[in-house]
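Chain letters run A, B, ... following the sequence lines, proteins first and then strands; every chain starts at 1. What's counted below: heavy atoms across the whole structure, side chains too, no hydrogens, waters or symmetry copies.
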Amino acid sequence: MADPIEEEIQQELKQHKILIYGKGTKTAPQCGFTVETMQFFDQFGYPYEMINVLENPAKRETLTKMTNWPTLPKVFINGQFYGDTDVLGPMQSKGELKPLLEQAFQAEA
Amino acid sequence: MITPETVTEYVQKVLTDARVVVSDRTGTMDHLNVRVVSDAFKGKNVLDRHRLIYQALDEPLKDGRIHALELTAETPDGS
């Protein structure tokens with residue numbers, strides 16, 4: 001029987017092209033890195049979703065196992081894991097990020 | 001609270017040739033910026049480079065000596 005939490009995550013990944021798992025909510029972020037990540041994506045103008053896992057240790061543990069990445073926030077683009085702004089920043093400066101986002105949202109157009 | 005020397009030791013256990021620069025972002029020595037230069041990063045994308053560093057620093061992250069990490073991972077030729 002598949003893990004219900006993992007299924008919940010898979011569902012969320014399907015619904016949101018850009019998905020940030022972090023501490024706090026969009027309107028009340030509770031961690032500097034979470035704010036930084038949202039501001040990072042504000043540059044591009046694409047919609048993104050923030051899911052608060054601060055009070056959900058089981059989901060945090062599942063996400064950590066799924067991604068082999070110990071910290072929050074965790075960013076997914078088009079269902080694929082990309083770490084956080086420490087990873088997305090260098091990807092942006094290497095010109096890898098813009099095409100990725102365009103491709104993710106092109107499927108919708 | 002952790003010292004730059006201890007951080008370097010942990011990183012060098014996994015990345016033996018690593019040059020490590022640790023800077024304290026908030027004055028409490030647990031919100032750190034860690035810059036790592038190593039040959040082992042050659043051919044690895046940014047995500048996998050950071051995974052290596054997180055594996056090396058797993059223990060101090062788990063026991064709270066490190067609270068937050070900002071990482072930079074480059075090869076000696078700066079790529």
For the student: nearest non-hydrogen atoms of B:Gln55 and A:Asn68, plus distance: NE2-ND2, 3.5 Å
Transitive ILVMFWY side-chain link A:Ile18 to A:Leu13, under 4.5 Å: yes
Other residues, nucleotides, ligands: >12 heavy atoms within 6.0 Å of B:Arg25 CZ: yes
Donor-acceptor under 3.5 Å (B:Arg51 side chain, A:Thr67 main chain): yes
Under 4.5 Å from a heavy atom of chain B, the part of A:Phe33 involved: side chain
Proximal component of B:Leu69, with respect to chain A [non-hydrogen, under 4.5 Å]: backbone
Contact class of B:Leu47 relative to chain A, heavy atoms under 4.5 angstrom: both
Note, B:Val46 side chain near A:Lys94 side chain (heavy atom, < 4.5 Å): yes
In one Ile/Leu/Val/Met/Phe/Trp/Tyr side-chain cluster, 4.5 Å: B:Val11, B:Val21: no
Hydrophobic cluster identity match, B:Val37 and B:Val7, side-chain contacts under 4.5 Å: no
Under 4.5 Å from any heavy atom of chain A - which part of B:Ala68: both
A:Leu54-A:Ile9 co-clustered via ILVMFWY side chain contacts under 4.5 Å: no
Non-hydrogen atoms of A:Val87 and B:His50 that approach each other most closely: CG2-ND1, 3.9 Å
Connected via hydrophobic side-chain network under 4.5 Å: A:Tyr21 and A:Val35: no
